[in-house]
Amino acid sequence: MAALAIAVTAACGGGGDGDGDGGGDGLGPGGPYFPQGAFWDQDVSGLPPASDSAAIIGSLRAAGGWGNGDVFQIDFSMEVLRVDGATPTKRSFERTGDFYEPDCDHVPMPVPPGGNLEGEDGYACESAGDCHLIVWAPDERRLYEMWRADLVGDRFRGGCLAVWDTSRVYGPTGRGEQCTSADAAGFPIAPLLFTADEVAAGRIDHAIRFILPNDRIRRRYVRPATHGTNTTGGADAPSYGVHLRLRADYPLDTLPGDGARTVARALQRYGMYHADGGNIALTAASDRRTTASWDGLLGPRDLAALDVEDFEVIDHGPPIELTFDCVRNP
């Protein structure tokens, strides 16, 4: 797997009460998806670096740094659609070769009118990309995240669908040990996206999703990941799920604007979690359904000055070897 999906309506981070009541399209401070206590809303600014932080960062440098020609770039194509009502209308889908059992959920999912897939103008997957479809159903207390969706006419085909219960905080093994989700690391996508509304407000209260080329990742994973892929990184390479934090001494005043500094402060306080394989490092949400616009607020290369050496690794405990033997949690 590689990238993400759909259109976020506003702020997303820890600290919400989990009831999904954002009041129309506005999502109050510190919500909206899950109750407080998930890994993405933990302040890690005071934690020491992992003992092998320097070795892991050195491995990334030796492999070429970030993807995308070692440019720390932002992807703005991810979107999270919202559907209201306790029993939204749902559509069944045909499983494709990108659906894995027992990891994925073969259940009907809501498909709101007028929505679109990641990187697409509608629901047809025409670009051969990841074509994530993410739908948040707050009244149902569910977050639906599908990888490689494709809806053409009456035909709905889909890869892995992960349905998250947004009334709970998941434990260390998430939906299940060795189990994937719509991202290869196995955790949810939407809570790790940052939005134009958050950046315009000057505050992001959660960690951020990032990706790396799979030749720079070792074949195993660390918490909070529950899964990985057949990656080819060396002995000191980071594992799937690695947690990077921007160094506290990074000179934020050298960044090109307030938007870039807002994202950098979140990277210092909450960090970023490796979620999938790919080249464009950092993931934001599309501004199709937000009040604020990315235009003039934050550009795709406004954080290009950040090198891998500007980050350190936060310890997640011992690595877990990859077996692909998914055991789902109740």
Side-chain angles (χ1 to χ4, degrees), residues 1-10 12 19-22 24-25 27 32-34 77-168 170 174-176 179-184 186-193 276 285-286 288-290 326 328-329:
M1 297 177 199
L4 222 189
I6 314 274
V8 174
T9 44
C12 60
D19 65 6
D21 183 8
D25 282 339
L27 305 176
Y33 303 111
F34 294 85
S77 68
M78 302 303 176
E79 304 192 52
V80 180
L81 303 176
R82 174 173 174 159
V83 61
D84 294 312
T87 56
T89 301
K90 298 177 182 178
R91 291 184 60 176
S92 298
F93 66 96
E94 301 173 39
R95 291 173 288 189
T96 68
D98 298 315
F99 185 99
Y100 311 108
E101 294 184 293
D103 309 50
C104 311
D105 299 312
H106 192 214
V107 297
M109 73 174 293
V111 182
N116 61 290
L117 306 179
E118 169 200 3
E120 304 287 356
D121 290 328
Y123 284 127
C125 183
E126 299 176 335
S127 64
D130 282 352
C131 292
H132 282 91
L133 172 62
I134 301 177
V135 181
W136 178 42
D139 298 319
E140 190 192 3
R141 298 174 184 258
R142 292 293 183 271
L143 176 65
Y144 296 82
E145 298 186 334
M146 178 181 281
W147 180 51
R148 289 193 175 165
D150 185 30
L151 292 82
V152 179
D154 293 332
R155 190 177 190 189
F156 180 10
R157 304 175 72 245
C160 191
L161 169 65
V163 182
W164 297 90
D165 179 353
T166 60
S167 69
R168 59 181 289 200
Y170 284 78
R175 293 170 61 254
C179 301
T180 191
S181 65
D183 255 350
F187 40 73
I189 293 167
L192 295 168
L193 301 179
D276 218 338
S286 160
R288 291 190 192 214
R289 294 167 178 84
T290 55
C326 170
R328 289 288 300 272
N329 290 329

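For the single chain, residues carry numbers from 1 onward in sequence order. All heavy atoms count here, side chains included; hydrogens, waters and symmetry mates do not.
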Checking ring-ring contact (aromatic ring centres under 6.0 Å, His included) between Y33 and each of W136, Y144, Y170, W164, which is the one that passes? W136
If every non-hydrogen atom of M146 is compared with every non-hydrogen atom of G159, which pair is closest and at what distance? CG-O, 4.1 Å
Could you check if a side-chain atom of R142 sits within less than 4.5 angstrom of a side-chain atom of T166, using non-hydrogen atoms only? no
Measure across P112 and V83 and return the closest heavy-atom pair with its distance rounded to 0.1 Å. CG-CB, 4.1 Å
Heavy-atom closest pair (D276 atom, A184 atom, distance to 0.1 Å) is OD1-CB, 3.5 Å
State plainly whether the residues D121 and R288 are in salt-bridge range, i.e. N to O under 4.0 Å. yes
So which atom in G115 and which in L81 form the shortest heavy-atom distance, rounded to 0.1 Å? CA-CD1, 3.8 Å
Could you check if a side-chain atom of V135 sits within less than 4.5 angstrom of a side-chain atom of V111, using non-hydrogen atoms only? no
Between A190 and E145, what is the shortest heavy-atom contact and its length? N-OE2, 2.8 Å
Would you say D84's side chain and D139's backbone share a donor-acceptor pair under 3.5 angstrom? no
Contact check, side chains of C131 and D150, non-hydrogen atoms, under 4.5 Å: no
Do we see a donor-acceptor contact under 3.5 Å between the side chains of S181 and D183? no
Is the shortest side-chain heavy-atom distance between C125 and R148 below 4.5 Å? no
Side chains of E120 and L133: does their closest heavy-atom pair fall under 4.5 Å? no
Could you check whether any side-chain heavy atom of E101 comes within less than 4.5 Å of a side-chain heavy atom of R95, counting everything from C-beta outward? yes
Any donor and acceptor pair, going by atom type alone, linking the side chain of R328 with main-chain N or O of R175 inside 3.5 Å? yes
Using 0.5 Å steps for rounding, measure from the CG atom of L117 to the CE atom of M78. 11.5 Å
Is the shortest heavy-atom distance from the side chain of D98 to the side chain of C160 under 4.5 Å? no
Once side-chain contact (heavy atoms from CB on, under 4.5 Å) is applied, do any residues pair with D103, and if so which ones, sequence neighbours excluded? Y100, C179, T180, H227, C326
Below 30° counts as parallel, above 60° as perpendicular, anything between as tilted: where do the rings of F93 and F99 land? tilted
Contact between K90 and P110 at the side-chain level, heavy atoms closer than 4.5 Å - yes or no? yes
